[in-house]
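Each ligand, and each atom within it, is numbered from 1 in the order the structure gives. Counting from 1, the numbers follow the sequence of the chain as shown. Bear in mind that the values here come from a model prediction, so they are computed numbers and not experimental data.
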Amino acid sequence: MKKERIGLFGGTFNPVHEGHIKVAEIVQQRAQLDKILFIPSYEPPHKGSADMAPAVHRLAMVKLALEPYPKFEASSIEIEEKGKSYSIITLQKIKKIYPKARIFFIVGVDAFLEIDTWKDYEEVLTQCFFIVVSRPDYCLKDAMNVLNGKYMKNMYGVSGNEKLNESKLSLYTIFLLPIQALEISSSAIRAKIRTGKFIKNLVSPAVEAYIREYNLYTW
Ligand code: ATP
Ligand code: MG
């Protein structure tokens with residue numbers, strides 16, 4: 001029997017947008033994940049917090065955005081920690097909750113290229129699977145040279161409509177998945193709101209309504 005597969009999609013989600021949803025939809029299908037947890041970070045270690053919406057708002061928006069998707073779930077695991085969020089800690093907690101599952105970290109290539117700034121990144125890299133997806137303005141192949149190519153032998157470039165079967169998982173741990181990523185970022189959305197521009201179609205209608213209701217990102 002196939003082991004349960006859980007995806008972990010971390011980020012600031014400030015706010016969650018349609019680009020995130022698109023990534024999760026494609027990865028869920030291609031990696032045959034049973035569930036994807038969207039995990040907003042409490043206080044990201046590598047970002048300034050000037051225009052960071054409070055964690056409760058970011059989590060509430062993720063919950064709203066995920067309502068239509070039964071396989072996607074908002075997780076408050078990092079927010080409850082109430083300190084800086086570290087993937088290694090999150091991973092250890094998730095492994096306790098799902099001791100038998102295969103765990104997949106889902107990251108955009110921009111985030112993966114900065115993995116050497118993560119706490120205990122070698123441990124994270126060796127204790128779970130990674131699915132690295134493309135993102136506009138970044139080259140997915142650059143992922144191969146991360147950490148001076150140390151992990152290149154563990155990497156597999158997923159092609160066409162290929163699905164990740166068990167035999168691939170026994171040979172590789174990091175999967176580079178080219179996708180038709182959307183040209184959307186939370187920072188661009190925040191900039192639009194600040195300057196009074198339209199954000200329709202960039203976030204879900206429920207998230208847009210929430211942003212308006214609480215006047216987020218207008219400061
Ligand atoms: P910001 O502009 O504030 O950094 P963001 O749009 O990059 O926001 P994050 O919360 O930083 O969103 O990203 C969470 C994860 O989602 C990261 O792994 C990032 O690479 C990925 N990601 C975000 N937007 C996209 C996108 N449009 N296509 C592919 N991956 C994305
Ligand atoms: Mg980002």
_Interfacing atoms of ligand 1 (cut-off 4.0 Å, heavy-atom, S187)_ = 1 (P), 2 (O), 3 (O)
*Are any of the heavy atoms in G10 under 4.0 Å away from ligand 1?*
yes
*Salt-bridge test for E78 and K93: reply yes if a basic N is under 4.0 Å from a carboxylate O, no otherwise.*
no
*Could you tell me which residues satisfy ring pair (Phe, Tyr, Trp, His ring centres under 6.0 Å) with Y210, sequence neighbours excluded, listed by chain and number?*
H57, Y214
*Should you measure from each heavy atom of D110, which atoms of ligand 1 turn up under 4.0 Å away?*
19 (C), 20 (O)
*Where's the contact between H17 and ligand 1, heavy-atom distance under 4.0 Å: side chain, backbone, both or neither?*
side chain
*Where does the angle between the aromatic ring planes of F9 and F13 fall among parallel (under 30°), tilted (30 to 60°) and perpendicular (over 60°)?*
perpendicular
*Name of the residue among F112, F130, F175, F129 meeting ring pair (Phe, Tyr, Trp, His ring centres under 6.0 Å) with F105*: F130
*Find all atoms of ligand 1 within a distance of less than 4.0 Å from any non-hydrogen atom belonging to F13, and give their numbers and elements.*
10 (O)
*Show your reasoning for whether side chain to side chain contact (heavy atoms under 4.5 Å, CB included) applies to E80 and L59.*
CA-CA 11 Å; E80 279 162 16; L59 178 64; over 6 Å; no
_I'd like to check which ligand 1 atoms, numbered from 1 as shown, lie under 4.0 Å from a non-hydrogen atom of G11._
10 (O), 14 (C)
*Can you tell me if CG on D120 sees more than 12 non-hydrogen neighbours from other groups inside 6.0 Å?*
yes
_With a heavy-atom distance limit of 4.0 Å, tell me whether S134 approaches ligand 1 through its side chain, its backbone, both, or neither._
backbone
*Check whether more than 12 heavy atoms from other residues, nucleotides or ligands sit under 6.0 Å from atom CD of E166, and answer yes or no.*
yes
_So, 4.0 Å and heavy atoms of N14: is ligand 1 close enough to count as a contact?_
no
*Report yes or no: do Y121 and E114 form a side-chain donor-acceptor pair below 3.5 Å?*
no
*If hydrogens are left out, which of G19, G108, A191, P40 has an atom nearest to atom 17 (C) of ligand 1, that is, the closest non-hydrogen atom?*
G108
*Which of the atoms of ligand 1 are close to S185, meaning less than 4.0 Å from one of its heavy atoms?*
2 (O), 6 (O)
*Relative to the heavy atoms of R190, which atoms of ligand 1 are at a distance of less than 4.0 Å?*
3 (O)
_Once you restrict to heavy atoms under 4.0 Å, what part of F9 touches ligand 1? Side chain, backbone, both or neither._
side chain
*Is it the side chain, the backbone, both or neither of I184 that has a heavy atom closer than 4.0 Å to ligand 1?*
backbone
_Part of K22 within contact of ligand 1 (heavy atoms, under 4.0 Å)_ = neither
*asked:* Among residues at least two apart in sequence or on other chains, which ones pass ring pair (Phe, Tyr, Trp, His ring centres under 6.0 Å) with Y156?
replied: Y172
*asked:* Please report whether ligand 1 has a polar contact with S186, defined as an N or O pair separated by less than 3.5 Å (distance criterion only).
replied: yes
*SB check E67 K63 (cutoff 4.0 Å)*: no
*Within the structure, does L182 bring an N/O atom to less than 3.5 angstrom of an N/O atom in ligand 1?*
yes
